[in-house]
S.K.: 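Next up is a structure, given as structure tokens.
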Amino acid sequence: MTAPARDAGLQPQRTRLAWRRTTLSGTVTAVLAIRASVRAAGPTTGAVLVLLCCVCWLALLALAHLRIRTLAASPEPPTLTPRLAWAATGCAVALALCAGVLVS
Amino acid sequence: MSEFVRNVRLWLEPERVRDQGTTPDYRFSLANERTFLAWLRTALALIGGGFAVDQFLPHLRWAWRVALALALLGAGVLCALRAVHHWMRCEQAMRRGDDLPVSRFPAVLSLLVAVVAVVMVVVVLAGWAG
């Protein structure tokens with residue numbers, strides 16, 4: 001008689017969806033950020049901020065994609081690396097800094 | 001070594017998390033990761049709120065608008081930094097087999113969001129009245 005299979009509880013899939021939700025939140029924030037940057041006073045400031053916000057958004061998408069691929073590759077995926085966690089946090093903080101520049 | 005110095009070293013050399021203890025069950029690590037992502041989404045929403053206050057309340061007086069936007073943005077940045085810090089501390093505790101760290105951050109953040117919401121309601125109503 002074989003031992004009952006361990007219940008994985010769809011953990012990798014749930015984590016993948018959590019990353020997907022995070023990119024959606026990031027997209028909403030980035031859209032608001034780009035809208036605000038386009039209306040910024042100076043055309044140069046506006047262009048630089050639009051560029052920065054796009055870079056942050058694309059970086060977040062790329063990080064999520066990287067992690068989703070790792071999650072999909074193995075039934076028992078490795079732990080999230082601190083570097084990836086810091087990079088994702090950095091994207092959010094950079095968006096906030098752009099907002100700080102726009103507001104003041 | 002003081003708590004603060006240890007935290008700073010953990011921030012500067014995050015790979016040190018792996019040096020201690022044993023790798024926990026992958027399901028616990030993934031649950032920790034989802035909690036981190038939930039906090040990161042909260043941070044992104046707060047930052048989006050900061051952008052929204054700045055754009056969608058143009059009739060507010062400048063000082064009020066900037067103060068509300070900066071309060072939301074500051075809360076967002078704090079939330080994002082705390083998300084990754086808490087994730088590392090939980091990961092570390094699981095590796096060592098310690099209790100998970102407790103935190104008063106959720107309560108502080110709830111209070112801050114409640115205060116910003118009340119101020120926003122009052123300021124918007126007063127702004128329309130006047």
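In the text below, chain A, chain B and the rest are named by the order of the sequence lines, each starting its count at 1. When reading the values below, keep in mind they use all heavy atoms of this one structure, side chains included, and skip hydrogens, waters and symmetry mates.
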S.K.: Identify the heavy atoms of G48(B) and L32(A) that sit nearest to each other, and give their distance.
M.R.: O-CD1, 3.4 Å
S.K.: What part of F56(B) gets within 4.5 angstrom of chain A, counting heavy atoms only: side chain, backbone, both, or neither?
M.R.: side chain
S.K.: Assigning hydrophobic clusters by single linkage (Ile, Leu, Val, Met, Phe, Trp, Tyr; side-chain heavy-atom cutoff under 4.5 Å), is V31(A) placed with V38(A)?
M.R.: no
S.K.: L40(B) and A92(A): which non-hydrogen atoms are nearest, and at how many Å?
M.R.: CD1-CB, 4.2 Å
S.K.: Could you give the distance from CD (Q55(B)) to CG (L102(A)), rounded to the nearest 0.5 Å?
M.R.: 8.0 Å
S.K.: Who pairs with R61(B) by salt bridge (Lys or Arg N to Asp or Glu O under 4.0 Å), at least two apart in sequence or on another chain?
M.R.: none
S.K.: So which residue, L30(B), V53(B), D54(B), ends up with the most heavy-atom pairs under 4.5 Å with chain A?
M.R.: L30(B)
S.K.: How would you list, in number order, the residues of residues 71-81 of chain B that have a heavy atom less than 4.5 Å from chain A?
M.R.: L73(B), V77(B), A80(B), L81(B)
S.K.: For each of T81(A), L95(A), T79(A), L17(A), tally heavy-atom pairs with chain B at distances under 4.5 Å, and name the one with the top tally.
M.R.: T79(A)
S.K.: Do you know which of T23(B), N32(B), L46(B), V66(B) has the most heavy-atom pairs with chain A at a distance under 4.5 angstrom?
M.R.: V66(B)
S.K.: Looking at R20(A), I'd like to know if its CZ atom is crowded, meaning that more than 12 non-hydrogen atoms belonging to other residues, nucleotides or ligands lie closer than 6.0 Å.
M.R.: no
S.K.: Do L97(A) and L70(B) share a hydrophobic cluster, counting only Ile, Leu, Val, Met, Phe, Trp and Tyr and linking them when any side-chain heavy atoms are less than 4.5 Å apart?
M.R.: no
S.K.: Which distance, rounded to the nearest 0.5 Å, do you find between the CZ of R14(A) and the CZ of R27(B)?
M.R.: 11.0 Å
S.K.: Going by the rule salt bridge (Lys or Arg N to Asp or Glu O under 4.0 Å), which residues pair with R82(B) if we only count those two or more places apart in sequence or in a different chain?
M.R.: none
S.K.: Flag yes if F105(B) and L112(B) sit in one hydrophobic cluster, no otherwise; membership is Ile, Leu, Val, Met, Phe, Trp, Tyr, and two members link when side-chain heavy atoms are under 4.5 Å apart.
M.R.: no
S.K.: L66(A) and L71(A): same hydrophobic cluster, using ILVMFWY side-chain contacts below 4.5 Å?
M.R.: yes
S.K.: Indicate, with yes or no, if L49(A) and W57(A) share a hydrophobic cluster defined by side-chain heavy-atom contacts under 4.5 Å among Ile, Leu, Val, Met, Phe, Trp and Tyr.
M.R.: no
S.K.: For the side chain of R41(B) and the backbone of A18(A), is there at least one donor-acceptor N/O pair under 3.5 Å apart?
M.R.: yes
S.K.: More than 12 non-hydrogen atoms from neighbouring residues, nucleotides or ligands closer than 6.0 Å to CH2 on W39(B), yes or no?
M.R.: yes
S.K.: Only one of V28(A), T27(A), L60(A) forms a side chain to side chain contact (heavy atoms under 4.5 Å, CB included) with L44(B), so which one is it?
M.R.: L60(A)
S.K.: I'd like to check T22(A) versus F36(B) (side-chain heavy atoms, cut-off strictly below 4.5 Å). Are they in contact?
M.R.: no
S.K.: Which atom names give the shortest non-hydrogen contact between V103(A) and W62(B), and what distance separates them?
M.R.: O-NE1, 4.3 Å
S.K.: By salt bridge (Lys or Arg N to Asp or Glu O under 4.0 Å), which residues pair with E33(B), not counting sequence neighbours?
M.R.: R67(A)
S.K.: Between A33(A) and F51(B), what is the shortest heavy-atom contact and its length?
M.R.: CB-CZ, 3.3 Å
S.K.: Side chain from CB out, backbone as N, CA, C, O: work out which of these in A69(B) comes under 4.5 Å of a heavy atom of chain A, or both, or neither.
M.R.: side chain
S.K.: Please report the interatomic distance CD(Q11(A)) to OG(S29(B)), rounded to the nearest 0.5 Å.
M.R.: 10.5 Å
S.K.: At a 4.5 Å cut-off on heavy atoms, which part of A88(A) comes close to chain B: side chain, backbone, both, or neither?
M.R.: both
